[in-house]
Amino acid sequence: MRDGGMQKRLILVLGSLAISGITCLYPFLHRHSADFQPALYRSYWISGLWALMCGLVLMRFGRKALWILVGLPLCLFWPFIMVGLYTACELGIDCL
């Protein structure tokens, strides 16, 4: 019984890393095209999918599921960059 639970957790961690990796890398594939902004917005939606998955897993497994948050830095990469750029432009520090 324990092995089945461990396999489910491993699959969920790998799924979390896969979704968060796609979230982070998807805009890089379109960085030199006119499709960059829509790719960035799709990245935000995929990040929302990851957050939904994490919420469901945390509700199901409780504190034992904190390992699923390993994908959090990758999911927050683009929102963090965009907030930083927006703040820099608003403060007049160095806008692109």
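These numbers come from the heavy atoms of this one structure, side chains and all, not from hydrogens, waters or symmetry mates.
Residue Tyr26 is not grouped with residue Leu76 when hydrophobic side chains (ILVMFWY) are merged at heavy-atom distances under 4.5 angstrom, including chains of intermediate members. Residues Leu74 and Ile46 fall into different hydrophobic clusters, defined by Ile, Leu, Val, Met, Phe, Trp and Tyr side chains chained together at heavy-atom separations under 4.5 Å. A continuous path of hydrophobic side-chain contacts links Leu17 to Ile19 [ILVMFWY only; heavy atoms under 4.5 Å]. The hydrophobic clustering, which links ILVMFWY residues whose side-chain heavy atoms are closer than 4.5 Å, places Met53 and Phe61 together. Both Leu40 and Ile81 are part of a single hydrophobic cluster, where members link through side-chain heavy atoms under 4.5 Å apart.
Side-chain contact between Leu58 and Leu66 is present, with at least one heavy-atom pair separated by less than 4.5 Å. Using a 4.5 Å heavy-atom cutoff, the side chains of Thr23 and Trp78 are not in contact. Proximity of Met82 to Leu85: side-chain heavy atoms (C-beta onward) are separated by under 4.5 Å at one or more points.
Sorted by first then second residue, the salt bridge (charged side-chain N to carboxylate O under 4.0 Å, His left out) pairs that include residues 50-78, not counting sequence neighbours, number zero.
Here the options are Cys75, Cys24, Ser20, the test is side-chain contact (heavy atoms from CB on, under 4.5 Å), and the partner is Ser47; only Cys75 passes.
The OH atom of Tyr86 lies 10.0 Å from the CG atom of Leu91; values are rounded to the nearest 0.5 Å. A distance of 9.5 Å separates SG of Cys54 from CG of Leu49, quoted to the nearest 0.5 Å.
Nearest heavy atom pair, residue Ile68 against residue Trp50, reads O-CZ2, 3.8 Å.
Judged by distance alone, the side chain of Thr87 and the main-chain N or O of Val83 form a donor-acceptor pair under 3.5 Å.
The number of heavy atoms from other shown groups lying within 6.0 Å of CZ (Phe36) is above 12. For Tyr44, the OH atom counts as densely surrounded, since its 6.0 Å shell holds more than 12 non-hydrogen atoms of other residues, nucleotides or ligands.
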